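Basis for what follows: all heavy atoms, side chains included, without hydrogens, waters or symmetry-related copies. Within every chain, numbering begins at 1; the chains are lettered A, B, ... in the order of the sequence lines, protein sequences first and strands thereafter. For clarity, every value in this text was computed on a predicted model and none was experimentally measured.
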Protein chains: 2
Amino acid sequence: MVDKKQKRRVPQQARSRERYDLILDAAARLFAGVGYEAATTNAIAREADVPIGSLYQYFAGKEDILHALADRYLEDMQQLHEESFSADISGLSIEEIVDRQIDPYIAFSEQHLGFKHAFLGAEVSADLAAAMAELDDAVVEGIKTALQRLNGQLSDKRATMAATVLKGMVKGLFGALESDTDPAFQAGVIAEYKRALADYIRRVAQGEG
Amino acid sequence: MVDKKQKRRVPQQARSRERYDLILDAAARLFAGVGYEAATTNAIAREADVPIGSLYQYFAGKEDILHALADRYLEDMQQLHEESFSADISGLSIEEIVDRQIDPYIAFSEQHLGFKHAFLGAEVSADLAAAMAELDDAVVEGIKTALQRLNGQLSDKRATMAATVLKGMVKGLFGALESDTDPAFQAGVIAEYKRALADYIRRVAQGEG
DNA sequence: GTACAATACGAGTAATTACTCACTTTTATT
DNA sequence: AATAAAAGTGAGTAATTACTCGTATTGTAC
């Protein structure tokens, strides 16, 4: 999906495959901690407990590490989407639908904590940004289809617009969660947010005015 | 609000005051264009058509430029908030309130286009992040007060939570606006978003369930 | 018009960083 | 056990970048 220099040595033994992942994990930690630019390749190697030379056996350069990380992240995300959007929602209340869609994302974002920091900034390369945009489009498409399943009358245009709004709201939710780390407060915010989402979905599902 | 080295020469003639702003403008353009890290001080000086030595007469370093820029931005934002939250909303419909609150922010974000890019990343310094968080808190506080004006029964806790949700939704709106630049589509998204905001506010105002 | 201060200037520097490469060690194959 | 291939290693390098400082220019006061 994302490729550029493809100069790196392809791991052929289990040992090197492990190191590859070790480096990626270390990079993810550092990117999250100090940001992409401030994370030097030497520091990544040190964090992974791997010599700098070994790092460059598997990665063509610093940006290549970011791209590999992005690939991993995007794959996980895509899988989440597929599971999410292929689920059968017939017979469920709107509240139940919202629960089943939102909860996995919250779990995902907790697992991949901090990773997105590296991608929120403006330092990302153009094709990485494109990959993220592609993912965003897939999300909108998935939500759109789900909305049209709820309301057969919905035009493509209106469904796309509503899906964009919902995507924005969900992203906003994650932003709101970052500002306060108190679990009780976060749970409250999530509950409130779900209500808002359900209300909006209900409005769209009912044809609205 | 944000200070660190304070080593810069304080402009005493009109000429140098102009240059100071010239440099800030150039920095804002470059930060928005290529990001904070990639924007070299030499490039900023070139963009501002000012020698590198002059740049360092007014700014103690690269980070100092970012801080000065942040100060300018935060001041503008704070003024916007004050105007926004001091407005008399009695007798207005929820839809009108939403219009009057959201529209100025949209105009502001268009004027300060791209600036926030420099601040969304993880590269910001700790005290700058603190300044942004402070601003966020002020927003939540303002929304909270407005909500309690709409519904006297609202506890501080619930009002704060609802305000956090609303703040998140608005931030999500700006994210959604970035993904598609088609004005017609954007206008539609804004309209949809306003509906969602109004619905949620109405729910909170009515005591909810 | 002279003395003094403020400002302008940009070549140069010290420090940092992404990345290389010549060499060693480990694993696979026969 | 011998050979080859794959993987490991880190001191060193070339390039970049934030920042300095000695000098030139402009403005001010008398």
Need to verify one output field. Residue with the more 5' nearest nucleotide on DNA chain C, B/Ser54 or A/Thr41?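 Final value for this comparison: B/Ser54.
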Which residue lies more 5' along DNA chain C, comparing A/Ala39 with A/Gly53 via nearest heavy atoms: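 Comparing both residues, the 5'-ward one is A/Ala39.
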Write down the distance between [atom1] ([X]) and [atom2] ([N]), rounded to a whole number of angstrom.
X: B/Glu37; N: D/dT16; atom1: CD; atom2: C1'; answer: 14 Å
X: A/Arg17; N: D/dA6; atom1: CZ; atom2: P; answer: 17 Å
X: B/Tyr20; N: C/dT7; atom1: OH; atom2: P; answer: 14 Å
X: A/Asp49; N: D/dG8; atom1: CG; atom2: P; answer: 13 Å
X: B/Arg19; N: D/dT26; atom1: CZ; atom2: C1'; answer: 11 Å
X: B/Lys62; N: D/dT17; atom1: NZ; atom2: P; answer: 9 Å
X: B/Gln57; N: D/dT23; atom1: CD; atom2: P; answer: 17 Å
X: B/Asp64; N: D/dA18; atom1: CG; atom2: P; answer: 14 Å

Is B/Lys171 positioned over the aromatic face of A/Phe174, cation under 6.0 angstrom from the ring centre and no more than 45 degrees off axis?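 Not satisfied by the 6.0 Å and 45° rule.
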Row check, A/Tyr20 ring normal vs A/Arg17 NZ/CZ: under 6.0 Å, within 45°: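 Yes, a cation-pi geometry holds between A/Arg17 and A/Tyr20.
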Return whichever of A/Asn42 or A/Leu55 has its heavy-atom-nearest nucleotide of DNA chain D closer to the 5' end.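 Result: A/Leu55.
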Would you mind classifying the nucleic acid contact of B/Thr40 as base, sugar-phosphate or nothing, using non-hydrogen atoms under 4.0 angstrom?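 Sugar-phosphate: the residue B/Thr40, judged by heavy atoms under 4.0 Å, touches backbone atoms but no base.
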Please check if any side-chain donor atom of B/Glu82 sits under 3.5 Å from a side-chain acceptor atom of B/Gln78, or the reverse.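 No, B/Gln78 and B/Glu82 have no side-chain donor paired with an acceptor closer than 3.5 Å.
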Check whether any side-chain nitrogen or oxygen of A/Tyr58 sits under 4.0 Å from OP1 or OP2 of D/dA6, and answer yes or no.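 Result: no.
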If you take all heavy atoms of A/Ala68 and A/Phe59, which pair is closest and at what distance?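 For A/Ala68 and A/Phe59, the tightest heavy-atom pair comes out as CB-CE2, 3.9 Å.
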Taking all heavy atoms of A/Ser84 and all of A/Arg100, pick out the closest pair and write down the distance.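 Between these two residues, the closest heavy atoms are OG-O, 4.5 Å.
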Counting side-chain heavy atoms from CB outward, which of C/dC9, D/dC19, D/dT9 is closest to B/Tyr56?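 Among C/dC9, D/dC19, D/dT9, the one nearest the side chain of B/Tyr56 is D/dC19.
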